[in-house]
Asker: 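Just passing along the structure, written as structure tokens.
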Amino acid sequence: MMFTKKGDAAVLAKLSEAPAQYREIGERLHSIIRESAPSLEPIVRWGLPFYVKDGKDICYIKPDKDFIAFGFGEVVNPAREEGASMHPVAWTITSLDAATEAKIRALVEKAVA
């Protein structure tokens, strides 16, 4: 059985364990996800913050010592492009600027639509 902790506090506590530069990105990603998709439930499972809707993993944040990754569950992939043969489901993020934040926000909104 997997150990699950629910809620913003659990996710922020998990993100606070990341190295400082990625902790900040993680906390910002968390805010973007929560603002863009308030219906998603934040949980910590397998040591990672996931954002869940109706029992399905929509997206997650994976802090590492050298990067932070942000990805979507394969079930709902908002980055899927018609006619493409490869579909990204995760990205490593080294910094956040306005354009990157806007792209993440749009992907999250599309994923929950």
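As the structure is a prediction and not an experimental result, all values here were calculated from the model.
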Asker: Same cluster for Trp91 and Phe67 if Ile/Leu/Val/Met/Phe/Trp/Tyr side chains link at under 4.5 Å?
Answerer: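 No, Trp91 and Phe67 fall in different hydrophobic clusters.
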Asker: Starting at OH of Tyr22, measure out to CG of Asp66 and round the result to the nearest 0.5 Å.
Answerer: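 CG of Asp66 is found 6.0 Å from OH of Tyr22.
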Asker: Can you confirm whether more than 12 heavy atoms, excluding those of Glu41, are under 6.0 Å from its CD atom?
Answerer: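 Check passes, neighbour count above 12.
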Asker: Is there a side-chain contact between Tyr51 and His30, using heavy atoms and a 4.5 Å cut-off?
Answerer: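 The answer is yes; the side chains approach within 4.5 Å.
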Asker: Quick one, Arg34 and Pro42 - any side-chain contact, counting heavy atoms below 4.5 Å?
Answerer: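 They are in side-chain contact.
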Asker: Out of curiosity, Leu29 CG to Glu24 CD, how far, rounded to the nearest 0.5 Å?
Answerer: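 If we round to the nearest 0.5 Å, Leu29:CG and Glu24:CD are 11.5 Å apart.
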Asker: To the nearest 0.5 Å, what is the distance between CG on Leu12 and CD on Glu27?
Answerer: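 Answer rounded to 0.5 Å: 6.0 Å.
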Asker: Give me the atom names and distance for the closest heavy-atom approach of Pro49 to Val11.
Answerer: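 So the two residues come closest at CB-CG1, 3.7 Å.
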Asker: Which residues pass the ring-ring contact (aromatic ring centres under 6.0 Å, His included) test with Phe50, sequence neighbours left out?
Answerer: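 Here the qualifying residues are Trp46, Tyr60.
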Asker: Is there a side-chain contact (heavy atoms from CB on, under 4.5 Å) between Arg45 and Val52? Walk through the geometry before answering.
Answerer: CA-CA 11 Å; Arg45 189 185 331 119; Val52 178; 3.9 Å; yes
Asker: Looking at Leu96, is its backbone amide N or carbonyl O close enough to the side chain of Thr100 to form a donor-acceptor pair, meaning the two atoms are under 3.5 Å apart?
Answerer: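 It does not hold such a pair.
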Asker: So which heavy atom on Leu40 is nearest to which on Cys59, and how close?
Answerer: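 What the structure gives for the nearest pair is CD1-SG, 4.3 Å.
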Asker: With a cut-off of 3.5 Å and sequence neighbours excluded, list every side-chain donor-acceptor pair involving residues 105-113.
Answerer:
{"from": "Arg105", "atom 1": "NH1", "to": "Glu35", "atom 2": "OE1", "distance (Å)": "3.2"}
{"from": "Arg105", "atom 1": "NH2", "to": "Glu35", "atom 2": "OE1", "distance (Å)": "3.3"}
{"from": "Lys110", "atom 1": "NZ", "to": "Pro78", "atom 2": "O", "distance (Å)": "3.0"}

Asker: What's the verdict on side-chain contact (heavy atoms from CB on, under 4.5 Å) for Ile104 and Ile93, showing C-alpha distance, side-chain angles and the deciding distance?
Answerer: CA-CA 11 Å; Ile104 291 166; Ile93 298 173; 3.9 Å; yes
Asker: Using side-chain contact (heavy atoms from CB on, under 4.5 Å), reason through Leu48 and Lys14 one step at a time and then give a plain yes or no.
Answerer: CA-CA 7 Å; Leu48 297 178; Lys14 182 40 86 176; over 6 Å; no
Asker: Does anything in residues 92-113 form a ring pair (Phe, Tyr, Trp, His ring centres under 6.0 Å)? List the pairs, not counting sequence neighbours.
Answerer: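 The answer is none; no pair qualifies.
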Asker: So, Arg23 side chain and Ser16 main chain: donor-acceptor pair closer than 3.5 Å or not?
Answerer: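 Yes, because the side chain of Arg23 sits within donor-acceptor range (under 3.5 Å) of the backbone of Ser16.
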Asker: I need the minimum non-hydrogen distance between Pro63 and Leu15, along with the two atoms involved.
Answerer: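 Closest heavy-atom pair between Pro63 and Leu15: CG-CD2, 3.9 Å.
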Asker: Would you find a donor on one side and an acceptor on the other, under 3.5 Å apart, between the side chain of Asn77 and the backbone of Ala79?
Answerer: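 Yes.
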Asker: Dump the intermediate steps for side-chain contact (heavy atoms from CB on, under 4.5 Å) on Ile61 and Ile33, then the final yes or no.
Answerer: CA-CA 10 Å; Ile61 300 170; Ile33 294 164; 4.1 Å; yes
Asker: Is it true that Arg28 and Glu101 have a side-chain N and a carboxylate O under 4.0 angstrom from each other?
Answerer: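 Judged by the 4.0 Å cut-off on N to carboxylate O distance, Arg28 and Glu101 do form a salt bridge.
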